[in-house]
Asker: 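Quick one: this structure, given as structure tokens, is what I'll be asking you about.
Residue numbering restarts at 1 for every chain, and letters A, B, ... go by the order of the sequence lines.
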There are 2 protein chains.
Amino acid sequence: MNDAALQAQSGSDEADPPLYYRAHVFVCCNRRPEGHRRGSCAAKGSEGLRDYMKARAKELRLQSVRVNAAGCLDRCEFGPTLVIYPEGVWYSPKTREEVDEILEMHLVRGRRVRRLMLTEQDRPSPKG
Amino acid sequence: MNDAALQAQSGSDEADPPLYYRAHVFVCCNRRPEGHRRGSCAAKGSEGLRDYMKARAKELRLQSVRVNAAGCLDRCEFGPTLVIYPEGVWYSPKTREEVDEILEMHLVRGRRVRRLMLTEQDRPSPKG
């Protein structure tokens, strides 16, 4: 397909549809074997935190919020990790109480829980 | 915690960190039992498409792009489904060729593949 055909097809002057979920939460539920040097979010309890977050979001009747499990988000060293889109804010909650804080502050009030957020510096070491 | 304390802690006047991934793709890999009335993305081949997309993104050396599997995104009727954040654009590719189109058009060129996109109207019927 040439560029003109691609452009005609892509209709890039149309706006994207509105967001389907106002907040889409992905909780890393990847599990690596015990003793792996990077660790993994599931080994740090992410599955239970994800189940709790999903149940609480439902109880709070948060509209247009979805909590999903996801495969490895590749920030294992800082896990358990989750990311909230479209804003792309990452958190590392260790307990149910911290999940509650994220629900109340971020998802209900539209604010942030700074001390639980990952920063730009929270990156895995280069491989090798 | 009272409101003032929450506010002090939230530091809402600070900007969020920059996006960790410029494009974060989530491919629904939920599998329901055969014959379920809503169907499921995995039953429609999403796992293979996700493996392919991940491998191709790597081969294309797409920088700061991550392709993840996700649990049920709840648009099963329109599957296989995937969503790309932060833009929140949803696609339903049925074949590897369609995955290639999304990679080339959306992730490389920053455009859209309109005919494969889900629309606002693509919602499950109300339950019951």
Asker: Which is it for E120(B) and Y20(A) under the side chain to side chain contact (heavy atoms under 4.5 Å, CB included) test, yes or no, and what are the steps along the way?
Answerer: CA-CA 7 Å; E120(B) 216 178 336; Y20(A) 191 74; over 6 Å; no
Asker: For the residue pair P17(B) and L118(A), what are the closest heavy atoms and their distance?
Answerer: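 Taking every non-hydrogen atom into account, CG-O, 3.8 Å.
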Asker: What class does the angle between the rings of H24(B) and Y85(A) fall in, given that below 30° is parallel, 30 to 60° is tilted and above 60° is perpendicular?
Answerer: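 Taking Y85(A) first and then H24(B), their aromatic rings stand perpendicular (interplane angle over 60°).
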Asker: Under a single-linkage definition using a 4.5 Å side-chain heavy-atom cutoff for Ile, Leu, Val, Met, Phe, Trp and Tyr, are Y91(A) and F78(A) assigned to the same hydrophobic cluster?
Answerer: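 No, it is not one cluster - the side chains of Y91(A) and F78(A) are not joined through contacts under 4.5 Å.
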Asker: Rounded to the nearest 0.5 Å, how far does CG of D16(B) lie from CD of E87(A)?
Answerer: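 Here the interatomic distance stands at 7.0 Å.
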Asker: Can W90(B) be reached from I84(B) by stepping across I, L, V, M, F, W or Y side chains whose heavy atoms are under 4.5 Å apart?
Answerer: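 Looking at the clustering, W90(B) is in a separate group from I84(B).
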Asker: Can you establish whether the number of heavy atoms outside E59(A) located under 6.0 Å from its atom CD is more than 12?
Answerer: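 Yes - once you tally the heavy atoms of other residues, nucleotides and ligands closer than 6.0 Å, there are more than 12.
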Asker: For Y21(A) and D74(B), what are the C-alpha separation, side-chain angles and deciding distance, and is it a side chain to side chain contact (heavy atoms under 4.5 Å, CB included)?
Answerer: CA-CA 11 Å; Y21(A) 297 120; D74(B) 204 26; 3.4 Å; yes
Asker: Contact part of D122(B) toward chain A, heavy-atom cut-off under 4.5 Å: side chain, backbone, both or neither?
Answerer: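 Only the backbone of D122(B) comes within 4.5 Å of chain A.
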Asker: Please determine whether residues V25(A) and L73(A) belong to a single hydrophobic cluster, defined as Ile, Leu, Val, Met, Phe, Trp and Tyr linked transitively by side-chain heavy-atom distances below 4.5 Å.
Answerer: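 In one cluster: no.
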Asker: Hey, quick one: are L19(A) and V89(B) part of the same hydrophobic cluster, counting side-chain heavy atoms closer than 4.5 Å, chains of contacts allowed?
Answerer: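 Different hydrophobic clusters.
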Asker: If you look at every heavy atom in F26(B) and V83(A), which pair is closest and at what distance?
Answerer: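 Heavy atoms only, the tightest pair is CZ-CG1, 4.5 Å.
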Asker: Tell me, out of G88(B), A69(B), G110(B), who's got the most heavy-atom pairs with chain A below 4.5 Å.
Answerer: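 Of G88(B), A69(B), G110(B), A69(B) has the most heavy-atom pairs under 4.5 Å with chain A.
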Asker: Which bit of R123(B) comes within less than 4.5 Å of chain A, counting heavy atoms only: side chain, backbone, both or neither?
Answerer: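 Contact with chain A is through both the backbone and side chain of R123(B).
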Asker: Quick one: does any side-chain atom of R66(B) pair with a main-chain N or O of C72(A) as donor and acceptor, under 3.5 Å?
Answerer: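 A pair under 3.5 Å: yes.
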Asker: Counting only heavy atoms from other residues, nucleotides and ligands, does the tally under 6.0 Å from NZ of K94(A) exceed 12?
Answerer: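 Buried by this count: over 12 neighbours within 6.0 Å.
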